[in-house]
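Encoded as structure tokens, the structure appears first; notes follow it.
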Amino acid sequence: MAKTITEKILSAHLGKEVTTGELIQVKVDVALGNDITAPLAIVEFEKLGIDSLFDSDKVVLVLDHFVPNKDVKAAEQCKFVREFGKKYNVKNFFDVGKMGIEHALLPEQGLVLPGDVIIGADSHTCTYGALGTFSTGVGSTDLAAVFATGEIWLKVPETIKFVYYGKLKPWVTGKDLILHTIGDIGVDGANYMAMEFTGEVISNLPMAGRFTMSNMAIEAGGKTGIIEPDEVTLEYVKPRAKREFKTYRSDLNAKYKEIKEYNCSKIEPQVAFPHLPSNTKSISEIDKIEIDQAVIGSCTNGRIEDLQMAAQVLKGKKIHKDVRLIVIPATQQIYLQALKEGLIEIFIEAGGVVSTPTCGPCLGGYMGILAQGERCIATTNRNFVGRMGHNESEVYLANPAITASSAILGRIASPEEISRGDRG
Amino acid sequence: MKITGKVFRKFKANINTDEIIPAVYLDTTSHEELAKHCMEGIDKSFASNVGRGDIIIADKNFGCGSSREHAPLAIKACGVSCVIAKSFARIFYRNAINIGLPIFECDEVDKIKKGDILEIEPETGKIKNLSVQEEYSTTPFPEFMQRLIEVGGLMEYVSRRCSATS
Ligand code: SF4
């Protein structure tokens with residue numbers, strides 16, 4: 001029977017054909033935990049009293065949320081995870097110095113490859129779908145069970161296919177396509193389902209933009225956001241892969257729950273207003289919204305291409321006197337490349353600060369928390385109440401170019417307003 | 001075993017995990033500590049007022065957002081006996097089942113009011129509203145999940161599997 005890429009990957013891992021809706025227990029290729037989800041998993045795992053992980057090479061631990069340790073409690077949690085990593089000989093352990101935001105780091109390090117089944121105790125694990133993997137976020141107890149058995153229970157999801165066609169307008173990125181999509185289908189529009197992104201626009205989208213799209217599948221409730229591997233994928237993966245992998249494609253007559261088509265020639269840069277990622281508006285519809293802070297980073301938009309785009313806007317400019325600009329390269333490699341390319345200098349000259357890789361403000365941890373009534377535009381993925389600080393603060397989600405222009409003008413703005421010399 | 005309790009609060013649609021347990025409290029694995037901050041992102045008085053055995057009701061997509069298991073743990077630890085919603089976000093759904101927090105998907109939650117006394121039969125998924133003598137049905141769990149629930153959660157299931165194979 002004709003199958004989607006998701007059904008094919010799951011069938012291959014199960015060793016028999018799966019059907020949608022079926023509950024299966026399937027072997028995983030990678031199991032990921034971080035400094036806030038691994039501790040709960042470790043506590044549960046250790047209760048089992050077994051003395052080894054199912055396969056220590058398939059476990060990846062990344063300390064990224066509250067690291068470098070933001071306070072004593074974070075320090076204790078990290079120490080706990082570190083000790084676990086040592087005890088069970090986890091080689092793929094990423095601590096300060098090697099660490100980056102997990103969903104930028106794992107693909108960069110070649111740890112996740114097309115055709116894999118990946119589970120992570122972090123909701124944005126769906127990011128790796130951009131490489132043609134089946135990857136999904138689970139909870140800590142799930143991770144503990146995988147630590148022990150190497151298997152996860154899953155319901156084979158139905159798939160919604162999203163077809164993007166047309167020609168992208170200037171400053172429209174993967175972020176805008178996914179925000180537009182979430183705005184269209186809502187925050188539970190793909191609950192329990194796989195989202196498959198395809199079409200000529202996706203084929204022409206660089207890996208960075210694809211990662212951004214898959215990353216935010218969860219913001220529509222999606223189980224994964226998957227893209228069929230192509231030349232662009234292979235070019236990214238081949239120099240990084242240290243093991244064999246297999247690529248899958250959906251059959252032409254595969255069954256989809258729904259097919260949605262978007263004419264991208266009509267899509268403008270998008271901004272998601274508080275307090276839901278689905279609360280989107282096109283940039284031209286937005287009146288004067290003043291901001292206090294701009295954050296460029298996160299697993300959604302902290303890649304080198306994102307920093308390059310922000311730098312392109314900020315080069316030779318100064319940010320608004322009432323705005324704090326915080327730039328957070330997602331990994332050490334990205335940080336170093338940005339340094340070599342002179343991007344860091346551009347950010348600092350513009351009046352911004354540049355931080356070591358961390359999730360930091362994205363989840364309201366530290367490094368840029370908002371006070372009551374403050375407003376931030378960010379390249380992150382969630383703008384829930386209190387997400388970046390005080391319950392009465394606001395987060396607006398946008399792409400790096402919009403975020404950078406907003407930092408310059410002190411209000412939500414498009415780069416086109418800057419090139420026109422408008423000083424808002 | 002039947003679950004009986006009073007409806008303590010009704011929540012709107014799309015309650016997210018940052019509202020259930022704000023990220024600043026993710027620096028602990030202590031269930032008691034998490035319980036103290038349960039629902040703090042939306043209702044500061046929730047944790048101190050909710051009673052043991054109370055039930056919470058929500059509209060669709062309860063628990064959306066992050067994968068933090070701290071969210072269902074906080075709800076369970078502050079004494080809530082079960083959550084009934086029109087639907088649950090995927091990861092919250094599996095986390096709740098994995099840790100043994102009873103949850104039920106019910107289309108008829110609009111008929112339930114704050115203060116109603118409910119009696120739920122997990123095996124059949126029938127909800128009796130004792131205050132108004134109504135009965136509602138819920139989406140039944142697939143067999144595998146029913147098994148997980150019966151043994152008391154995923155780790156108990158895994159533990160039995162590990163000892164069966166060793
Ligand atoms: S950057 Fe934000 S969304 Fe991404 S893993 Fe970190 S906290 Fe989660």
Side-chain angles (χ1 to χ4, degrees), chain A residues 21 23 25 36-37 39-45 47-50 65-66 70-74 76-77 80 120-125 136-142 144-145 148-149 153 155 157 186-188 191-193 218-219 221-223 275-276 278 363-365 369 382 384-387 391, chain B residues 13-19 22-31 33-34 40-42 44 60-62 64-73 86-100 141-145 147-148 153-159 161-163 165-166:
Chain A
L23 267 168
Q25 291 208 65
I36 58 179
T37 58
L40 278 177
I42 294 169
V43 170
E44 290 301 321
F45 173 77
K47 281 189 204 156
L48 289 173
I50 51 180
H65 281 64
F66 295 160
K70 83 177 175 83
D71 55 21
V72 173
K73 279 181 150 179
E76 296 291 342
Q77 264 192 324
F80 183 59
D122 190 276
S123 61
H124 292 101
T125 303
T136 192
V138 297
S140 295
T141 299
D142 279 311
T149 64
W153 67 269
K155 188 154 125 194
V187 288
D188 64 346
N191 200 10
Y192 304 121
M193 284 176 262
I218 179 70
E219 262 55 73
K223 192 166 206 164
H275 292 284
L276 284 177
S278 56
L363 81 163
I369 301 306
R382 287 190 178 136
F384 299 150
V385 173
R387 175 75 180 179
N391 263 358
Chain B
N14 303 320
I15 294 293
N16 64 67
T17 51
D18 283 270
E19 289 171 311
V24 279
Y25 305 119
L26 301 183
D27 55 9
T28 179
T29 54
S30 150
H31 295 192
E33 199 52 40
L34 292 170
E40 198 171 292
I42 185 160
K44 284 219 160 34
K60 65 172 188 163
N61 203 27
F62 185 82
C64 63
S66 91
S67 66
R68 64 189 71 161
E69 204 162 284
H70 311 70
L73 279 176
K86 276 194 191 155
S87 66
F88 293 89
R90 186 185 63 83
I91 307 179
F92 184 92
Y93 182 93
R94 58 185 301 138
N95 283 345
I97 289 175
N98 285 344
I99 66 152
F141 290 105
E143 202 188 305
F144 174 73
M145 277 184 229
R147 224 163 51 230
L148 283 188
L154 182 63
M155 288 325 278
E156 189 51 40
Y157 176 80
V158 169
S159 154
R161 239 184 82 182
C162 287
S163 46
T165 52
S166 64

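Predicted model, so just to flag it, every value in this text is computed and none were measured. Sequence lines set the chain letters: A, B, ... in the order given, protein chains first and strands last, and positions in each chain run from 1.
Within the 3.5 Å criterion, the main-chain N or O of A:Gly139 finds a donor-acceptor partner in the side chain of B:Asn95. Looking only at distances, no side-chain donor or acceptor of A:Asp122 sits under 3.5 Å from a matching main-chain atom of B:Ser67. For B:Thr17 (side chain) and B:Ala71 (main-chain N/O), no donor-acceptor pair under 3.5 Å exists by modelled atom type. Although no hydrogens or angles enter the test, the distance criterion places a donor-acceptor pair under 3.5 Å between the side chain of A:Lys223 and the main chain of A:Lys155. Looking at A:Thr37, its side chain does come within 3.5 Å of a backbone N or O of A:Ala121 through a donor-acceptor pair.
Using a 4.5 Å cut-off between heavy atoms, B:Phe88 contacts chain A through both its backbone and its side chain. Both the backbone and the side chain of A:Thr141 come within less than 4.5 Å of a heavy atom in chain B. A:Leu40 touches chain B through backbone and side chain together, each having a heavy atom under 4.5 Å away. Only the side chain of A:Asn391 comes within contact range of chain B, with at least one heavy atom under 4.5 Å from a heavy atom of that chain. In this structure, chain A has no heavy atom under 4.5 Å from any part of B:Glu156. Both the backbone and the side chain of A:Glu44 come within contact range of chain B, with heavy atoms under 4.5 Å apart. Within the 4.5 angstrom heavy-atom criterion, atoms from both the backbone and the side chain of A:Ile36 approach chain B. Contact of A:Gln25 with chain B is made through the side chain alone, with heavy-atom distances under 4.5 Å. A:Phe66 touches chain B through its side chain: at least one heavy atom from C-beta onward sits under 4.5 Å away, while N, CA, C and O do not. With a 4.5 Å cut-off on non-hydrogen atoms, B:Ile91 touches chain A through its side chain but not through its backbone. For A:Ala148, the part sitting under 4.5 Å from any heavy atom of chain B is the side chain, from C-beta outward, and nothing else. In this structure, no portion of A:Ile369 lies under 4.5 Å from any heavy atom of chain B.
Most heavy-atom pairs under 4.5 Å with chain B, from the set A:Gly49, A:Gly365, A:Gly364, A:Ala145: that is A:Ala145. Ranked by heavy-atom pairs under 4.5 Å with chain A, the list B:Ser87, B:Gly65, B:Ala89 is led by B:Gly65. The candidate from A:Asp142, A:Ile218, A:Val43 with the greatest count of non-hydrogen atom pairs under 4.5 Å with chain B is A:Asp142. Of the listed residues B:Lys60, B:Arg68, B:Glu19, the one with more heavy-atom pairs under 4.5 angstrom with chain A than any other is B:Lys60.
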Inset, instruction - Just do the side chain to side chain contact (heavy atoms under 4.5 Å, CB included) check on A:Asn191 and B:Asn61 with the steps written out, would you? - result: CA-CA 8 Å; A:Asn191 200 10; B:Asn61 203 27; 3.8 Å; yes
Inset, instruction - Show your working on side chain to side chain contact (heavy atoms under 4.5 Å, CB included) between B:Phe141 and B:Ile97 and close with a plain yes or no. - result: CA-CA 10 Å; B:Phe141 290 105; B:Ile97 289 175; 3.8 Å; yes
Inset, instruction - List the steps, then state whether side chain to side chain contact (heavy atoms under 4.5 Å, CB included) holds for A:Arg387 with B:Asn16. - result: CA-CA 10 Å; A:Arg387 175 75 180 179; B:Asn16 64 67; over 6 Å; no
Inset, instruction - Please assess B:Thr29 against A:Gln77 for the test side chain to side chain contact (heavy atoms under 4.5 Å, CB included), listing each intermediate value before the final yes or no. - result: CA-CA 9 Å; B:Thr29 54; A:Gln77 264 192 324; 4.3 Å; yes
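For the residue pair A:Ser123/A:Arg382, the side-chain donor-acceptor check at 3.5 Å is satisfied.
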